[in-house]
Amino acid sequence: MIDTHCHLDEYDNLDEIINHMKDNVMITSGVDMKTNKFVLEVVKHPTIYGTIGLHPENVNDNYEEELRFIEEHINDEKIVGIGEIGLDYHYTKENIELQKEIFKRQLILAQKCHKMVVIHSRDSILDTYTILKELKFKEKVVLHCYSSSLEMAKRFLEFPIMFGIGGVLTFKNEKKLKEIVKVLPLEYLLLETDSPYLTPEPFRGKKNEPYNIYYVACKIAEIKGIKVEEVLKITTENAKRQFDLKPNLW
Ligand code: NI
């Protein structure tokens, strides 16, 4: 299994979390300078890869320095992409223009150095789509924790895209995401936890951890009427392809 999206900087008991994953792989994402520096260190562990980026909620006055740091380290070993980056209009709409500029600059950097991107998009899916379109974005894209409509998901298929599916899928009242998982071929889906957030059932209320992608896989299997082994096999292949993981490193 590969947890394609987690935040390993948010654990005091990281050794325990890593041991629980055994030989399974984790891709941890930075959101600002501090967490990006953590990512550069933690990828020394054989089963961990990383992405570095400036998250829309972490946009601040220091962004030029933040962007420079990302550019300087984007080709470091086991840094497989830029993320998480994107747009988030949920809490504030005041800095939308700045969010867009910073998102675009990181996408342009990704194009320049041929790196994939991990995108966070909350209440902003149309702008996310429009920006990728404007830039004629050709690198691989992961829309992490996808939460918009099936119709929008289909429009994104014009990009080399995959959708990160996490704990939300297991929530009892979640209908939209279940429909998306049912309709989209397994080839477009990735397992992710967004740990330590969004814990799946049956552990909702506890702190999430990468191992719990197994329960997301079980839910996908149930929705699609296939075996969980098949979900694990195909989503692992998808992750290796989308993040261009080099098998010789693990
Ligand atoms: Ni995240």
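We count ligands from 1, going down the list as the structure has it; atoms in each ligand are counted the same way.
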The Ni ion (ligand 1) neighbourhood, protein N/O/S only, threshold under 2.8 Å: H5 NE2, H7 NE2, E84 OE2, D194 OD1

Heavy atoms of Q106 and I70 approach each other most closely as OE1-CD1, 3.4 Å

Apply side chain to side chain donor-acceptor pair (under 3.5 Å) to T193 and list each qualifying residue two or more places apart in sequence or on a separate chain. D3, S195

Indicate the ring-plane relationship of Y215 and F203, choosing parallel, tilted or perpendicular according to the 30° and 60° boundaries. perpendicular

Closest approach of G164 and V142, non-hydrogen atoms and distance? N-CG1, 4.3 Å

What ring pair (Phe, Tyr, Trp, His ring centres under 6.0 Å) pairs are there with at least one residue in residues 65-87, not counting sequence neighbours? F69-H73

Acceptor/donor pairs from residues 149-163 side chains to any protein atom, 3.5 angstrom cut, sequence neighbours excluded:
from : atom 1 : to   : atom 2 : distance (Å)
S149 : OG     : M152 : N      : 3.0
E158 : OE1    : Y129 : OH     : 2.6
E158 : OE2    : K133 : NZ     : 2.7

